[in-house]
Structures are given as structure tokens and as C-alpha cells.
Amino acid sequence: MSAASEHLAARVPGAQVKTAFGQTTAHVPAHAWLEAARHVRDELGCAQFDWLGVEDAGRPGAVGQRHAVLLHVIDPGTGDGVLLRTELGPDDALPSVAGLWAGAGWHEREAAEMFGIALADGEPARLLLPDSFSGHPLRKDFVLASRVVRPWPGRLEPGEDGTSAPSRRRAAPPGVPDPSWGPRYEEDTRG
């Protein structure tokens, strides 16, 4: 991110600006999300929508409890952009910025469907998944049923194949269900 983008992020009112790995982000509270976005568009000239995304912001032991919403918009005259970030708790709803950038509407619908975040304007119509689909497949706490009913075709985790010592830290990758979740393929083939 350029120095100009850092300067733009610093001009977002009420934002806490942080830089990590060369990326400067303006963190705003959820209640100030829409106001900050409007300021970025109207006062800082970032009229071009780039993308809006969501990631799990849960701390260890609280996966799926908090989500970070990121919005990147660009000043078309200079090419400099601003990255806004807010965090939503399980009971928070995201105010829509689709009224500022029409393209954000599709991204907000995708975020609601894939991560289960609530939108302040209400639940949107399904975008990518069938109506019969249950759950939010991009959340880290979403159980990948295929890991239960079919053995993993790739290399086993260290210590599982018996050729090496188990790793000191045993943590299941995201999507791998807890051992108490449903019958396992191995159990089905033995019995």
C-alpha cells in the first residue's frame, strides 16, 4: 500500500489506523461503518468500489463468534485506495454500503450467505447456494461432511500414518469435525 493510501486511511474519522505486512487498514466500530464509508466516498474521493470481504475474526476457542468485514475502495483519479475494517459480534448487523457503491450489494449478499453475517436491511435472497442448503460453508466452524464420510485422499497428518512422531501441537485443520461428530468412514468399513 502506498504512503498516499496510509494518508487516506488516517483521514477516516474515528478510525484506528493499523499497518501490518505492508497493508494499512482503517478500523472503525460497526456502528460507524456506514458513516466512515460515506466519508471515504464523498470527502476522500474513493468513488470506485473494489471489493468487500469477510473473514473469521474469532480468537482461539471462539471460532465463528466474530467476523471482520473489509471494504476496499479506490480514488479513480489517483489509484490510491482505502481499506476499511470492522468487526461484527454474533448479535451485530452490518449496515449496507450498497447505497454508496451499487456493486457492494452482491458482495454483501455473498457475505451473508457464506459467513452468516446479518445485514441491517434484513436477510437477502439466496445468491449462490440452493434454498435447501443449511449452514454457511466459509465459516471455520462449518463441518466439512466429506472429511467424515470419505477418507482424505492426500497425505495424512504427521503422526497418523505411523512413520513419524506425532507433532507436538495437534490441531485439526479448519472444517475437520471434532471426533464426536458423526460416524467415521473407518468405523463404517470395520463394522
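Hydrogens, waters and symmetry mates are skipped; everything else that's a heavy atom, side chains included, is used.
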Close side-chain approach of V69 to L88, heavy-atom, < 4.5 Å: yes
Exercise: identify the closest heavy-atom pair between G135 and P137: O-CD, 3.9 Å
Cluster link F49 to I74, ILVMFWY, side chain under 4.5 Å: no
Residues in salt bridge (Lys or Arg N to Asp or Glu O under 4.0 Å) contact with E87, at least two apart in sequence or another chain: R59, R66, R85
Nearest-0.5 Å distance that lies between atom CG in L71 and atom CZ in R41: 12.0 Å
Intermediate values then yes/no, side-chain contact (heavy atoms from CB on, under 4.5 Å), W51 and V73: CA-CA 7 Å; W51 56 268; V73 290; over 6 Å; no
Partner residues of R38 under the salt bridge (Lys or Arg N to Asp or Glu O under 4.0 Å) criterion, sequence neighbours left out: none
Point-to-point distance, once rounded to the nearest 0.5 Å, from CG of D121 to CZ of R109: 12.5 Å
With sequence neighbours excluded, residues passing ring pair (Phe, Tyr, Trp, His ring centres under 6.0 Å) with H27: none
L84 and L70, any side-chain heavy atoms less than 4.5 Å apart: no
Which pairs would a plain distance check flag for residues 111-118, meaning a side-chain donor or acceptor within less than 3.5 Å of a matching protein atom at least two apart in sequence or in another chain?
unit_1 : atom_1 : unit_2 : atom_2 : d
E113   : OE1    : L127   : N      : 2.5
E113   : OE1    : L128   : N      : 3.3
E113   : OE2    : L128   : N      : 2.8
E113   : OE2    : L129   : N      : 2.4

OG1-CG distance between T24 and L83, expressed to the nearest 0.5 angstrom: 9.0 Å
Would you be so kind as to tabulate the donor-acceptor pairs closer than 3.5 Å made by side chains of residues 11-18, with sequence neighbours excluded?
none

Partners passing side chain to side chain donor-acceptor pair (under 3.5 Å) against R126 (at least two apart in sequence or in another chain): none
Neighbour count above 12 (heavy atom, 6.0 Å) for E35 CD: no
Non-neighbouring partners of D50 that pass side chain to side chain donor-acceptor pair (under 3.5 Å), sequence neighbours left out: H72
Listed partners of R139 passing side chain to side chain donor-acceptor pair (under 3.5 Å), at least two apart: D141
Show the atom names and distances, to 0.1 Å, of all donor-acceptor pairs under 3.5 Å that link a side chain in residues 89-103 to residues at least two apart or in another chain.
unit_1 : atom_1 : unit_2 : atom_2 : d
D92    : OD2    : G89    : N      : 2.7
S96    : OG     : A98    : N      : 3.1
S96    : OG     : E108   : OE1    : 2.6
S96    : OG     : E108   : OE2    : 3.4
W101   : NE1    : C46    : O      : 3.3
W101   : NE1    : A47    : O      : 3.4

